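Everything numeric here is computed off the predicted structure, so don't read it as measured data.
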Number of protein chains: 2
Amino acid sequence: LPYSLRVPAKPRNPENNPGRPGELALIRRIRNRALSHSRTGITLGIGDDCALLKLRPGEEAAVTTDLSIAGRHFLLEVHPPEVVGYRTLARGLSDLAAMGARPVAAFVSLGLPRELTVPRGRQSAWVERFYDGLLALADACKTPLAGGDLAQSPVALADIVLVGAVPNGKALLRSGARLGHVIYLTGSLGGAAAGLGLLRGMRGLRIVGGFPAISKKMSDLASAHLHPQPRITQGLWLQRKSMATAAIDLSDGLSTDLNHLCQESGVAAEVDAASLPLHADATLEQALHGGEDYELLFTAAPTVRMPRHIGGVPVTRIGRIVRRRKGAALVTLQTDEGDAPLLPQGWQHFS
Amino acid sequence: LPYSLRVPAKPRNPENNPGRPGELALIRRIRNRALSHSRTGITLGIGDDCALLKLRPGEEAAVTTDLSIAGRHFLLEVHPPEVVGYRTLARGLSDLAAMGARPVAAFVSLGLPRELTVPRGRQSAWVERFYDGLLALADACKTPLAGGDLAQSPVALADIVLVGAVPNGKALLRSGARLGHVIYLTGSLGGAAAGLGLLRGMRGLRIVGGFPAISKKMSDLASAHLHPQPRITQGLWLQRKSMATAAIDLSDGLSTDLNHLCQESGVAAEVDAASLPLHADATLEQALHGGEDYELLFTAAPTVRMPRHIGGVPVTRIGRIVRRRKGAALVTLQTDEGDAPLLPQGWQHFS
């Protein structure tokens, strides 16, 4: 049985075995890299039983976890390791954005097959390049990596944990939408699904150093999928200005996430199809049901004067909150050809 | 490819499909169960983008993550689902104990093969029984389950996240041991390794409802392995009384964890073999290198009068902190036959 008794057959000490770096050596390298990045708010980082995080007086902690599994949330044969690392952190940051929280620290638990932890000739190991991508976004969003776990696993997976902070009682919840409120959206829809379609349509993906490599041109074309921008600035702005009554991030697709928001708020919604800000490459289908756009979907009172841009990102009015009716769909899509129920058709597990 | 575009081929709505519960239905059941348990400190639990946690003024947050993978940290063919759930939470709570932190909330990300999420005839699904075990310990330790994630995975795995709270600057660190300090240990050593040995030596493990079942007698005999007791009370007591200078929990085995503590403190240690509190069924080998005892290993100034018990658990003096010498082992085991280096031989990944 592969399960270790934690009493190995013979003594071993990875410290004295530099050719085959053990967990300690790998963790030490990750720690050194994490330490060289920003650390505001972290009293104690990687290397003890827990990390210690300090909030400001009057703040509460916002905590989210997101599990990504190879073959389901990312593809080792399509996504370069840096992209997997970047997207893993982006998922967690987007949840903080949806609460209007400022990021305090990230943690990542990695389960990896052994071959992804060792260098390939003179090329870096997959795991090192995963951290390159993750730490690049961590730096851009001033989010220190404060810890995590590392274990051998037959399938590659990453569980990301984000801890944020938000003034007491000021978090943007899914449950605050009320009759007559207006529905808004940051950025555009369907770009992530369209970008993934482009990537998967490519013949003969280039392989460099054993892993997929994406040309600069393709990287730009599929950027909405490869490098989504968590809307931290926009979420914080809405929270500080008390402009939004409810918010959710678009991880599962508009149809699914707007249904979630209505469910939690006890309301229904109408969406104007013509008003939807489609990504240049996206179909309506991708805009409605394609997930991973990581835009913010939020509501505001009708009296609020919403700006056209927040932090340089366009904000579009796409519909309104209406009364819930028994037997009717929670979300209705209004088009020139009439109204149609917009059922949740985005990402769902076990269904 | 199994990777979902998040744009499924045809509409589906698990809400209208009660015979095959979708993720939402499962999450709703878990949420209802979590809500029926204690919720102190949680402003907002499962169902939004993040959970919201409130600390007391003057406290900082202690955060830990631990990844458990089937075949490596637990065995589906040996451990009943309730035991996997219990042990998953115990690992995280033990890290909080080692910091002297009080538990605030737990999060668990589960990756599961589909067959573990569906009931077996009239028997509960594996995942429901996993939560039975986890929530039983959560109740006993007054630790609410505040969220998590659920994804389909070819291998069963659970990532546990614990958030605790500790007064500013009062956390027990690994790095505080100094020359002349005394080394103490709660409880006894090697019981978990001995218990696992018993379990694995059993012929024809009983299978009930598709999963392993353990007799009451075996459950008692192997309790140190099946139901380890996180030393939350003891860690809190040491922190509040400012009695300990450094602490770590024994997850990887005495040899490995004492080496960690010495490494972080920049010191060395001597252990009296004769003083070690062996579990009744354990060998010296299991006591030194067997992991998962989840006892607290801590140091105190020599002037401190340490009680013989803390919260009903025995405390044993097992050695002392000495000066680090170049080229010498960090930890020395002293026996009747002389001194021997005690190299880290416990659990390590990728080595």
Side-chain angles (χ1 to χ4, degrees), chain A residues 2-8 11-14 22-23 43 48-54 60-67 69 71-72 75 95 98-99 107 109 111 117 148-155 157 159 161 163 171 173-174 193 248-249 253 289-291 343 345-351, chain B residues 2-8 11-14 22-23 43 48-54 60-67 69 71-72 75 95 98-99 107 109 111 117 148-149 151-155 157 159 161 163 171 173-174 193 196 248-249 253 289-291 343 345-351:
Chain A
Y3 185 82
S4 165
L5 258 172
R6 299 197 167 203
V7 184
R12 52 190 168 158
N13 185 356
E23 187 192 17
T43 318
D48 216 301
D49 296 291
C50 295
L52 292 175
L53 310 178
K54 205 169 260 176
E60 51 195 337
V63 182
T64 176
T65 73
D66 267 302
L67 183 58
I69 299 182
R72 195 155 176 90
L75 296 170
D95 281 325
M99 305 292 286
F107 300 77
S109 289
T117 66
D149 197 7
L150 185 60
Q152 209 165 337
S153 162
V155 60
L157 61 99
D159 192 33
V161 179
V163 180
L173 308 186
R174 294 180 178 179
I248 189 171
D249 71 312
H289 309 301
L343 298 176
Q345 293 176 40
W347 176 265
Q348 296 207 343
H349 300 291
F350 303 122
S351 55
Chain B
Y3 186 84
S4 165
L5 258 173
R6 299 196 168 200
V7 185
R12 50 190 168 159
N13 186 356
E23 187 192 16
T43 317
D48 216 302
D49 296 292
C50 296
L52 292 175
L53 310 178
K54 205 169 258 175
E60 51 196 336
V63 182
T64 178
T65 73
D66 268 301
L67 182 59
I69 299 183
R72 195 156 175 91
L75 296 170
D95 281 325
M99 305 293 285
F107 300 78
S109 289
T117 66
D149 197 7
Q152 208 165 337
S153 162
V155 60
L157 61 99
D159 192 34
V161 178
V163 180
L173 308 186
R174 294 181 178 180
L196 179 58
I248 190 171
D249 70 312
H289 309 302
L343 299 176
Q345 293 175 41
W347 174 265
Q348 297 205 341
H349 298 290
F350 302 122
S351 55

Side chain to side chain contact (heavy atoms under 4.5 Å, CB included) between A:Asp48 and B:Met99: does it pass, once the steps are laid out?
CA-CA 9 Å; A:Asp48 216 301; B:Met99 305 293 285; 3.6 Å; yes
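- A distance of 5.5 Å separates CG of B:Asp49 from CD1 of A:Ile248, quoted to the nearest 0.5 Å.
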Please evaluate residues A:Leu173 and B:Leu52 with respect to the criterion side chain to side chain contact (heavy atoms under 4.5 Å, CB included), reporting the C-alpha separation (whole Å), side-chain torsions for both, the decisive distance (0.1 Å), and the verdict.
CA-CA 10 Å; A:Leu173 308 186; B:Leu52 292 175; 4.2 Å; yes
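- Contact annotation for A:Val161: only side-chain heavy atoms (C-beta onward) come within less than 4.5 Å of a heavy atom of chain B.
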For side chain to side chain contact (heavy atoms under 4.5 Å, CB included), just list the numbers for A:Ile69 and B:Ser153, CA-CA rounded to whole Å, side-chain angles, deciding distance to a tenth of an Å, and then say yes or no.
CA-CA 7 Å; A:Ile69 299 182; B:Ser153 162; 3.3 Å; yes
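- In terms of the side chain to side chain donor-acceptor pair (under 3.5 Å) criterion, residue partners of A:Thr64 (sequence neighbours excluded) are, by chain and number, A:Asp95.
- In terms of the side chain to side chain donor-acceptor pair (under 3.5 Å) criterion, residue partners of A:Ser109 (sequence neighbours excluded) are, by chain and number, B:Thr65, B:Asp159.
- Side-chain contact check for A:Glu60 versus B:Leu53: every heavy-atom pair is 4.5 Å or farther apart.
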